[in-house]
There are 2 protein chains.
Amino acid sequence: MAETLTSEAILVATEEVLRRYGPAKATVVDVAKALGVSHGSVYRHFPTKAALREAVTRRWLDAQHVAMEPTFDQGLTAAEMLRAWLQKLFDRKKLSHVDEPELFATYLVLVRESRAIPEYHVEHLVGQLARIISAGVETHEFVTDDVNATAQAVWDATDRFHHPAHAQEWGDPHIQDAFDAVVSLVIAGLRYNRIPSAAGDA
Amino acid sequence: MAETLTSEAILVATEEVLRRYGPAKATVVDVAKALGVSHGSVYRHFPTKAALREAVTRRWLDAQHVAMEPTFDQGLTAAEMLRAWLQKLFDRKKLSHVDEPELFATYLVLVRESRAIPEYHVEHLVGQLARIISAGVETHEFVTDDVNATAQAVWDATDRFHHPAHAQEWGDPHIQDAFDAVVSLVIAGLRYNRIPSAAGDA
DNA sequence: GGACTGACAGATTTCAATATCTGTCAGCCG
DNA sequence: CGGCTGACAGATATTGAAATCTGTCAGTCC
């Protein structure tokens, strides 16, 4: 009302609407109503509803990325850092799933229909993984001939603990044991691992 | 018509109906129609539609279990056997997903709503994994202080390549590379792995 | 008598009419 | 002019009435 309408204000309002109604019920008209403008105005800033939803999710993911940024300053081994980072990711995902279920559901919708957003998210986090693994390679704690492929493999091997499709399993009382076992196995693998052509290692 | 109605005949007819219509459309009336009996007769053999669907799925899974039975006779290392077994599982799941999409979808429905059937399936296959790993431990190729927990960890780490929720990703052209990398990492981990209390290893 | 039927009640699904939403754009208003 | 409005067309979602389905059971038929 007072100020001119900014993209940022629309994003804030959209996030609020998504939080309240969820991805299935939230409409562009709701967002416009929350802002006290006509829905036509929203379309001056975002070409489609999908673009708006993507922008909100990207904002949300960016915050996750910042929070997950690994810290190399404490005197931890690479294995400790890796385990802590994976645990933090798991804890944050679990929390987000129960704490902001509608935003989480919004991301799940995007995972199912868009390709770009999940790729953006995964690439970023696999990049963080690669940095941790790279640090471990430098100290000779880990062995690999392809850090990026290995980081991707660690990501894939821990899919069950971060992929939103598995969120319902995160309430299982034994899930932490499963997590510990997989992470231990992965860390053991990193201590001596090569990415072979399929037959090379087995 | 000619013979008395058997549970087996109902299962065969139900599988056919499920194959044709899928889990969302298939009805008990359809099954009865296919058998030329009234739907009341079907209920003399199976108490509910869910029980019928479960019985069909269990039959189907049992066939998978038999097909996946590992063979220890050829002169393969445990790592080779493990990789081959995981590859076979992956290939069979992929094939089943495109070849019998409705039965696959039926199993997916069961995964989401029932608890018992997927547990039955997973426990059986993890048992097969445990036998392969156990063979590797005996030849000192693998190291672990808890074969069953490790087998479960291998199962969990390869979730992306057998959990039906990930089936849509199996068409990705790079999925085989991802599979190879995860399996290599896991096999490397098995060469020296312990299941610690969470802090013990990291 | 025991396998089977078919009518039935309540639950679920389907379908079509209605309402709402998305995205556009000519025109308004400051 | 430049951001905004609000009416509009086509697409999507909601609704409620009708149809179908699930599960039961008294009764039929061999």
Side-chain angles (χ1 to χ4, degrees), chain A residues 1-58 102-103 105-106 108-110 112-114 116-117, chain B residues 1-58 102-103 105-106 108-110 112-114 116-117:
Chain A
M1 307 231 176
E3 311 270 312
T4 31
L5 187 62
T6 64
S7 296
E8 179 65 16
I10 294 174
L11 288 178
V12 170
T14 304
E15 181 170 325
E16 174 56 23
V17 168
L18 276 172
R19 243 178 237 283
R20 183 186 302 270
Y21 299 112
K25 288 283 188 179
T27 72
V28 176
V29 172
D30 290 331
V31 173
K33 223 177 293 179
L35 289 162
V37 299
S38 91
H39 76 280
S41 300
V42 173
Y43 279 97
R44 318 198 102 265
H45 294 263
F46 297 93
T48 65
K49 183 187 185 182
L52 179 55
R53 205 171 41 188
E54 271 198 27
V56 169
T57 308
R58 200 178 284 263
E102 301 297 5
L103 283 189
T106 302
L108 180 54
V109 168
L110 246 52
R112 295 214 211 272
E113 70 192 30
S114 153
I117 287 283
Chain B
M1 312 210 170
E3 311 270 310
T4 31
L5 187 61
T6 63
S7 296
E8 180 62 17
I10 293 174
L11 288 178
V12 171
T14 304
E15 181 169 325
E16 174 56 22
V17 168
L18 276 172
R19 244 178 236 283
R20 183 186 301 271
Y21 299 111
K25 289 282 189 180
T27 72
V28 176
V29 172
D30 290 331
V31 173
K33 223 177 293 178
L35 288 162
V37 299
S38 90
H39 75 281
S41 301
V42 175
Y43 280 98
R44 320 198 98 266
H45 294 262
F46 298 93
T48 65
K49 184 187 183 182
L52 178 56
R53 203 171 44 187
E54 272 199 25
V56 169
T57 308
R58 199 177 284 266
E102 301 297 5
L103 283 190
T106 302
L108 180 54
V109 168
L110 247 51
R112 293 214 212 274
E113 70 193 30
S114 152
I117 288 284

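Chain naming here is simple, since letters A, B, ... match the order of the sequence lines and numbering starts at 1 in each. Everything numeric here is computed off the predicted structure, so don't read it as measured data.
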Open item on the list: For a quick test of reading the model, state the closest non-hydrogen atom pair linking A:Phe46 to A:Ala55 and the distance between them.
Closed with: CE2-CB, 3.8 Å
TODO: Could you state the atom-to-atom distance from OH of B:Tyr43 to C1' of C:dG6 in whole Å?
DONE: 14 Å
Open item on the list: Quick check for you: to the nearest 0.5 Å, what is the distance between B:Asp30 atom CG and B:Leu35 atom CG?
Closed with: 11.0 Å
- [ ] Mind checking the CD-CD spacing from A:Glu54 to A:Glu113? Nearest 0.5 Å is all I need.
- [x] 8.5 Å
- [ ] Map B:Lys33 and A:Gly40 onto DNA chain D by nearest heavy atom, then report which one ends up closer to the 5' terminus.
- [x] A:Gly40
Task: Atom pair CG (A:Leu18) and CZ (A:Arg20), whose distance is rounded to the nearest 0.5 Å - done: 12.0 Å
Task: First and last nucleotide of DNA chain D, 5' to 3', lying under 4.0 Å from heavy atoms of chain B - done: D:dC21 to D:dT24
Task: Among B:Ile10, B:Val31, B:Leu5, side chain to side chain contact (heavy atoms under 4.5 Å, CB included) partner for B:Val37 - done: B:Leu5
Task: Atom-to-atom span, CZ of B:Arg44 to P of C:dT5 - whole angstrom - done: 10 Å
Task: Nucleotide C:dT13, atom C1' - distance to NZ of B:Lys49 in whole Å - done: 11 Å
Task: Separation of atom NE2 in B:His39 from atom P in C:dA3, rounded to whole Å - done: 18 Å
- [ ] To the nearest 0.5 Å, tell me how far A:Thr14 OG1 sits from A:Arg53 CZ.
- [x] 11.5 Å
Task: Between P of C:dA3 and CG of B:Leu35, the distance in whole Å - done: 17 Å
TODO: Find the distance between OG1 (B:Thr57) and CG (B:Leu110) and round it off to the nearest 0.5 Å.
DONE: 4.5 Å
TODO: Of all the heavy-atom pairs spanning A:Glu102 and A:Gly22, show the shortest one and how long it is.
DONE: OE1-CA, 3.2 Å
Task: Which residue lies more 5' along DNA chain C, comparing A:Thr48 with B:Leu5 via nearest heavy atoms - done: B:Leu5
Open item on the list: Can you tell me if B:Ser38 touches the phosphate of C:dC4, counting only side-chain N or O atoms and a distance under 4.0 Å to OP1 or OP2?
Closed with: no
- [ ] Look up atom CG in B:Leu103 and atom CG in B:Leu108, then write down how far apart they are to the nearest 0.5 Å.
- [x] 12.5 Å
Task: Contact list for DNA chain D against residues 22-32 of chain B - heavy-atom distance below 4.0 Å - done: B:Thr27, B:Val28, B:Val29
